[in-house]
Amino acid sequence: MPRRQVYLDHAATTPVHPDVLQEMHKVLETHFGNPSSLHFYGRAAKQHLEVARERVARLLGAGQQEVVFTSGGTEADNLAVMGTALSYKERGRHIITSAIEHHAVLDPCQKLARNGFEVTFLPVNRDGVVDPDDVKKAIRRDTILITIMHANNEIGTIEPVPEIGKIAREHDIIFHTDAVQTAGYLPLNVEDLQVDLLSISAHKIYGPKGAGALYIREGVQLEPLIYGGGQERVCRPGTENLPGIVGLGKAAEIAAKEHLSESMKYKMLSDRLIEGIKAQIPDAKLNGHAKKRLPHNINVSFRGTKGDCLLVGLDQEGIAVSTGSACSSGSSQLSHVLEAIGLSEEEGAGTIRITVGRSTTIDDIDYILDVLAGVVGRLRAENRG
Ligand SMILES: *Cc1c(COP(=O)(O)O)cnc(C)c1O
């Protein structure tokens, strides 16, 4: 048995906040009505649905009628990309995105590229930053959508979303951002960010899995991905996942209130970890932008090791981290993000992502610092031998 158990994979998912759990429990226990029903039970459920919508809208600085609930970040991203493409295809069939988007954006873009659309996948620099000038240069007369994430889930780099939003607006092009990783960490205001569409996910902000939302600016028309009843302004039919949505609403309320103080704590913890790693393993390479980065994300490469082996070695010590991105951790190849920032196979092979969270303590950081150099040293010796 390891001496300690430490969860340092908050970018993959977060535990449910006790206040979120309490509200979800109340809804599951008492408010089982269908929000579309006109009787008392339905009206009570509907009221909880709309409170949740108001809370999400407040987190984003949006209007209540501009928030559509989905089954999570993936569906919100899919609805943004596919919904825009299908709705505006008569105006044009060109889309601009980046090489480092989450698969929930990349894969729908690739699907569209196989079906009569043209997609420009913009490169990023070594820090993982998209250059707004590249966006400007890529714009064509038939461009209907620009989708660039707010911050990258693997390397933590924050993208210049307001600058790109300004360019999109000048050209009258719909602009989507995947803000799944920034909700709860950075201020999220749809006016400041100059976005028309924005995705969030509950389970990345201490809410439940299977709930998310897409902000859709008034006036933007999306073609739905599924068809059925008229729920969510016909944009996303189906009886609402009320417990999940209520959980998302509460998580959004907490995020709006506490993101600044939490982020300061995360930054202190990650700085301590980064300094410790640098001191013990001087040739460790920190990936992502040194300053413009998520406060809770540390992505680091150790030459002469393998990500999977580091993960297993740390797991044996009771520490949970991730290699690159949770979704691609099964393969030994570099993730599309590490490739896009120009890491060679050799440089990027031993890369792990450490993400701190609400429950992380200084003792947790000191514990990982206590065992990390040993794990790295052992793997390097094995690889040499
Ligand atoms: C987790 C994640 C998603 C997917 O969200 P789900 O709710 O798990 O479907 C999308 N984009 C980014 C950046 C993410 O980190």
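Model, not experiment: these values are computed from the prediction. Read the numbers this way: they start at 1 and go in the same order the structure lists the ligands and their atoms.
Within ligand 1, counting atoms from 1 as listed, the ones closer than 4.0 Å to a heavy atom of D77 are 10 (C), 11 (N). Against a heavy-atom cut-off of under 4.0 Å, G72 is close to the following atoms of ligand 1: 7 (O).
Ring centers of H94 and F117: at least 6.0 Å apart, outside the cut-off.
Between D364 and R4 there is a side-chain heavy-atom pair separated by less than 4.5 Å.
Counting heavy-atom neighbours within 6.0 Å of K265 NZ, excluding the residue itself, gives a total above 12.
For the residue pair S344/E347, the side-chain donor-acceptor check at 3.5 Å is satisfied.
For L86, the side-chain contact (heavy atoms from CB on, under 4.5 Å) partners at least two apart in sequence or on another chain are E223.
Between T74 and ligand 1, at least one N/O pair is under 3.5 Å apart. Any N or O atom pair closer than 3.5 Å counts here, and E75 shares no such pair with ligand 1.
The hydrophobic side chain of M1 is isolated, with no ILVMFWY side chain under 4.5 Å apart from it.
Here the protein heavy atom with the shortest distance to atom 5 (O) of ligand 1 is G73 CA, 3.4 Å. Protein heavy atom in closest approach to atom 11 (N) of ligand 1: D178 OD2, 2.6 Å. For atom 8 (O) of ligand 1, the nearest protein heavy atom (residue, atom name, distance) is H203 NE2, 2.8 Å. Atom 14 (C) of ligand 1 has K204 NZ, 3.0 Å as its closest protein atom, hydrogens excluded (heavy atom only).
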